[in-house]
J.: 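Right, I'll just put the structure down here and ask away after.
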There are 2 protein chains.
Amino acid sequence: MSHSSYGRLMAVDREHVLRSAAALLARSPAATMDEVAKAAGIGRATLHRHFAGRDALVRALESLGIQEIEAALDASDIETGPAEDALRRFVAAVEPAAGLLAFLVTENQLFEGDVHEGWNRTDARICGLFRRGQESGEFRIDLPAAWLSEALSGLISACAWSIQDGRVAARDFTRMTVELLLGGVRRSAQ
Amino acid sequence: MSHSSYGRLMAVDREHVLRSAAALLARSPAATMDEVAKAAGIGRATLHRHFAGRDALVRALESLGIQEIEAALDASDIETGPAEDALRRFVAAVEPAAGLLAFLVTENQLFEGDVHEGWNRTDARICGLFRRGQESGEFRIDLPAAWLSEALSGLISACAWSIQDGRVAARDFTRMTVELLLGGVRRSAQ
DNA sequence: ACTCGATGAGACACTCATGTCTCATTCGAG
DNA sequence: CTCGAATGAGACATGAGTGTCTCATCGAGT
């Protein structure tokens, strides 16, 4: 921390602010800039010094979300091994970012047409996972991979909300999400 | 239309306004009262004459949504027959209200804790459906019925959004939603 | 101890949606 | 045709959130 004029020194603070903002906005998407600042333990002025405005903050959260999801994709080594196992690993890895993902899903709903380019990238990888499973015979082929990707996002968001509202236990996140997506509700002969 | 002082005469107009508002707000939840009025083909003043304010409008939409879902529950005779068939009938019956349902899901996300009482009623019936399926041996019992109900809402919303964004075909709504929920993505021996 | 950058608090103006009001117009009933 | 209720258009005040600014304070490095 010798030369404080270098922007990267702010990275830790910026990171912390983004984490707080993500946690707050995932719960109350309509939260005020003032509330976001308070939640991060800083003043509103400082918040504006880091992020030009609310749009910039949301954009930064988008980037953070993309980054987390891509990190989960990488960490779970999604392109390797049986698709089912890869999906399990990915959902488990993406759990910490589930709230943020849920926020971005609804937010992207608002910004119709103005989607972050990175979003398409992660979506493509997830679609690729489902397509791989279909080609290998693990997954059924009568449902388009694009829909399966959307459904996965929907289920992750739904589970994150249910946990936030206390309707389901947090520790069951991965199991409930992935089990339902993989096996459905029908009791299979297996 | 003999005595125009009777409030029920406004029912048709009110209905039309609510339909338009539902269609618009399902796409852009942040739409202005002015946009809602324009979408309904009326002036903003008239809109305010029918609904005291934005809150009142949203409440009315909530009631309309509950009403539609309950109508779908009734029409699909959800308490009768095999749970799987009942679920299929319900999803097919609720399709016209899918956009409105998606709007209310995100809206309820905002109004945390302030849920419409009718919402719990419909949720209870849907939970009952899943529980019935579990008790009859049709559905798996390792996933709580409450979560299955949430997941159903999430899938319906996700499918409604995907259709709105043109990512999937509208005619596949029922099949994709119910097939995924019932069977999951795993290719079953069946 | 000094200095400089960053911060927090607050004041301020601006924007925008909302809610209320008025007024001219229209439409239907009598 | 006349009357009255409902409507549409617009003006207006209000409130909330935002973005920008200033200034006093704090803290780390020198």
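What's counted below: heavy atoms across the whole structure, side chains too, no hydrogens, waters or symmetry copies. A, B, ... follow the sequence lines: proteins, then strands. Residue 1 opens every chain.
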J.: What is the distance from NE2 of His16(A) to P of dT7(C), rounded to the nearest Å?
T.: 13 Å

J.: Rounded off to whole Å, could you give me the CG-to-P distance for the Leu57(B) and dA17(C) pair?
T.: 16 Å

J.: Rounded to the nearest angstrom, tell me the gap between atom CG in Asp55(B) and atom C1' in dA17(C).
T.: 13 Å

J.: Over how many whole Å does the gap from Phe51(B) atom CZ to dA6(D) atom P extend?
T.: 16 Å

J.: Taking OP1 and OP2 of dT7(C), is either one under 4.0 Å from a side-chain nitrogen or oxygen of Thr46(A)?
T.: no

J.: Roughly, in whole Å, what's the span from CG in Leu47(A) to P in dA6(C)?
T.: 16 Å

J.: Between dG19(C), dT18(D), dT7(C), which one does the side chain of Asp13(A) approach most closely?
T.: dT7(C)

J.: Quickly work out the Arg54(B) CZ to dT20(C) P distance and round it to whole Å.
T.: 15 Å

J.: Do Arg125(A) and Glu79(A) meet the salt-bridge criterion of a basic N to acidic O distance under 4.0 Å?
T.: yes

J.: Could you tell me whether Asp55(B) and Arg59(B) make a salt bridge, using a distance below 4.0 angstrom between a side-chain N and a carboxylate O?
T.: no

J.: Tell me which nucleotide among dG8(D), dG19(C), dG8(C) gets nearest to the side chain of Ile42(B).
T.: dG8(D)

J.: Of the candidate nucleotides dT7(D), dG17(D), dT20(D), which contains the atom at the shortest distance from the side chain of His48(A)?
T.: dT20(D)

J.: Can you tell me the distance, in whole Å, between the NZ atom of Lys38(A) and the P atom of dT7(C)?
T.: 16 Å

J.: Let me spell it out: for each of Arg44(B) and Ala30(A), pick the nucleotide of DNA chain D with the closest heavy atom. Which residue's pick is nearer the 5' end?
T.: Arg44(B)

J.: Specify the residue among Arg49(B) and Ala45(A) whose closest nucleotide of DNA chain D lies further upstream toward the 5′ end.
T.: Arg49(B)

J.: Quick check against the 3.5 Å criterion: does Gln134(B) have a side-chain atom that pairs as donor or acceptor with the backbone of Leu143(B)?
T.: yes

J.: Between Glu68(B) and Arg19(B) (salt bridge meaning N to carboxylate O under 4.0 Å), is one present in this structure?
T.: yes

J.: State whether Glu84(B) and Arg88(B) are salt-bridged, where the test is any N-O pair (Lys NZ or Arg NE/NH1/NH2 against Asp/Glu carboxylate O) under 4.0 Å.
T.: yes

J.: How close or far is atom P of dC16(C) from atom CD of Glu35(B), stated in whole angstroms?
T.: 13 Å

J.: Does His50(B) have a side-chain nitrogen or oxygen under 4.0 Å from the phosphate oxygens OP1 or OP2 of dT7(D)?
T.: yes

